[in-house]
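Just so we're on the same page: letters track the sequence lines, and every chain starts at 1.
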There are 2 protein chains.
Amino acid sequence: MPPPFDLESFLPYRLNRAAELISLSFAREYKQRYQMTRPEWRTLAALGSAGRMTATEVGAHSNMHKTKVSRTVAALAGRRWLKRRENESDRRVEHLELTAAGLRAYGEIADLARTYQASLEAALGSGAIERIEAGLAEVERALLEKRRP
Amino acid sequence: MPPPFDLESFLPYRLNRAAELISLSFAREYKQRYQMTRPEWRTLAALGSAGRMTATEVGAHSNMHKTKVSRTVAALAGRRWLKRRENESDRRVEHLELTAAGLRAYGEIADLARTYQASLEAALGSGAIERIEAGLAEVERALLEKRRP
DNA sequence: TCTAATTGGTTGCAATTGTAACCGTTGATT
DNA sequence: AATCAACGGTTACAATTGCAACCAATTAGA
């Protein structure tokens, strides 16, 4: 006789609910102020924090579909927040990097993010976020391993 | 001088990435087999595990936008997996409950879910999932509290 | 009691998204 | 070298989504 299924302890469900909640919560901090969408912030954040990257790398890093990355990069380029640099050894690849304006925006929103996380940490107690993230890292490792046998 | 911003330890980013990864991973188990979308599975799961609920409750429970719930309920009703029951004391409300066919589908996919989570648990070690979920519960509590002051 | 505000739920419309097919470039096989 | 598969990235198209406006029913307030 199988154990009953408890949705409340089913990890995909729980992760999705929490992610949607926190993501919308933080998006309220930048959406109107910077006219920025979630994929745009994720791309800006990836480039701002890791420096020059290709579109494929941005997608892998933040787990976004490549067409979503492509369109987001086009939007950010149109806004002059990033520029594309060609790779001379492989002309399919485009390196992406933030412009001065992009870096400035990144810096400001990163401040919001720091403040946001600090207030969350204050509400949760020290170490709580680190513990969650350690668990998430394990989960991701297990899933990516399963995906590439 | 503010501490540098580390995207890898920014909780919204980390939660989103992990949630998207695991959600797509599990969706592969039921998408083609049951011709079911993610919102459909979430709604089916909520109703199957909590029993009769209203659309608003489904949305609150799984944190889905109310129009998404509305359309998903319509799809599941069209498939005869749930039926709507009117509430005689408040005729705006519709109670939703699974039909026999809906319960059967729920049971089968819940089996997949149990198996999925068991294999994940095996890869992670016992207690790992519980620890993450305890952390998520705290986060959700803090966020919902912030939202309703 | 009459009106106004609120609530549960639906829908029109525009924006966002994923799928699949594509283009140009590179790598592998021969 | 010639061909073909694979790769990075883009785009046409269809499906999914969210916003805002809406409807009907209920509740609160004057």
Side-chain angles (χ1 to χ4, degrees), chain A residues 16-17 19-21 23-25 27-28 30-32 35-44 46-47 52-79 82-97 148, chain B residues 16-17 19-21 23-28 30-32 35-43 46-47 52-79 82-97 148:
Chain A
N16 249 289
R17 196 176 64 185
E20 191 64 14
L21 189 64
S23 215
L24 285 178
S25 159
R28 278 207 297 275
Y30 61 76
K31 268 230 156 82
Q32 325 79 335
Q35 313 284 13
M36 196 162 37
T37 66
R38 282 200 271 167
E40 280 167 18
W41 155 241
R42 279 184 219 165
T43 301
L44 186 75
L47 288 172
R52 162 185 293 209
M53 287 168 96
T54 70
T56 298
E57 287 166 339
V58 170
H61 197 277
S62 52
N63 209 55
M64 289 195 292
H65 194 277
K66 69 177 185 166
T67 64
K68 195 191 271 191
V69 174
S70 173
R71 290 186 258 243
T72 301
V73 165
L76 291 177
R79 210 185 254 224
L82 67 77
K83 54 182 179 307
R84 311 169 191 246
R85 286 198 183 288
E86 61 181 15
N87 179 349
E88 61 269 7
S89 77
D90 183 345
R91 273 180 306 176
R92 292 171 301 182
V93 177
E94 285 184 329
H95 294 287
L96 306 170
E97 55 185 52
R148 319 212 168 268
Chain B
N16 250 290
R17 196 176 65 188
E20 191 65 15
L21 189 63
S23 214
L24 286 178
S25 160
F26 180 62
R28 278 207 297 274
Y30 61 78
K31 269 232 156 81
Q32 326 79 332
Q35 311 285 14
M36 195 163 36
T37 66
R38 282 199 272 167
E40 280 168 17
W41 155 241
R42 280 184 218 164
T43 300
L47 287 172
R52 162 186 293 211
M53 287 167 96
T54 69
T56 299
E57 288 167 339
V58 170
H61 198 276
S62 54
N63 208 56
M64 289 195 293
H65 194 276
K66 69 177 187 169
T67 64
K68 194 190 270 188
V69 174
S70 173
R71 291 186 257 243
T72 302
V73 165
L76 292 176
R79 211 184 250 224
L82 66 79
K83 54 182 178 306
R84 312 171 191 244
R85 285 199 184 287
E86 60 182 17
N87 179 349
E88 60 270 7
S89 77
D90 184 343
R91 275 180 304 176
R92 291 170 304 182
V93 177
E94 284 183 329
H95 294 286
L96 307 169
E97 56 185 52
R148 316 215 169 268

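Using a distance-only test at 3.5 Å, with no hydrogens or angles considered, a donor-acceptor pair links the side chain of B:Arg17 to the main chain of A:His61. The closest donor-acceptor contact from the side chain of A:Ser25 to the backbone of A:Leu21 lies at 3.5 Å or more, if one exists at all.
Applying the side chain to side chain contact (heavy atoms under 4.5 Å, CB included) test to B:Ser70 and every residue at least two apart in sequence or in another chain returns nothing. Every side chain to side chain contact (heavy atoms under 4.5 Å, CB included) that A:Ala27 has, sequence neighbours left out, goes to A:Tyr30, A:Lys31, A:Arg38. For A:Asn87, the side chain to side chain contact (heavy atoms under 4.5 Å, CB included) criterion is met by A:Ser89, A:Asp90, A:Val93, A:His95, not counting sequence neighbours. Looking at residues two or more places apart in sequence or on another chain, you find a side chain to side chain contact (heavy atoms under 4.5 Å, CB included) between B:Glu94 and B:Arg84.
In this structure the side chain of A:Glu40 reaches within 4.5 angstrom of the side chain of A:Leu76, judged on heavy atoms. Annotation: side chain of A:Leu82 is in contact with side chain of A:Leu47 (closest heavy-atom distance under 4.5 Å).
Rounded to whole Å, the distance from CG on B:Asn87 to C1' on C:dT7 is 13 Å. Rounded to an integer number of Å, the gap from CD of B:Glu88 to P of C:dG8 is 17 Å.
Between B:Ser89 and A:Thr54, the residue whose closest nucleotide on DNA chain D is further toward the 5' end is A:Thr54.
Chain B approaches DNA chain D over the interval D:dT17 to D:dT26, counting the first and last nucleotide 5' to 3' with an atom under 4.0 Å from its heavy atoms.
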I'd like to compare against my own output: the B/S/- annotation of nucleotides 13-24 of chain C with a strict under-4.0 Å heavy-atom distance to protein. ----BBBB---B

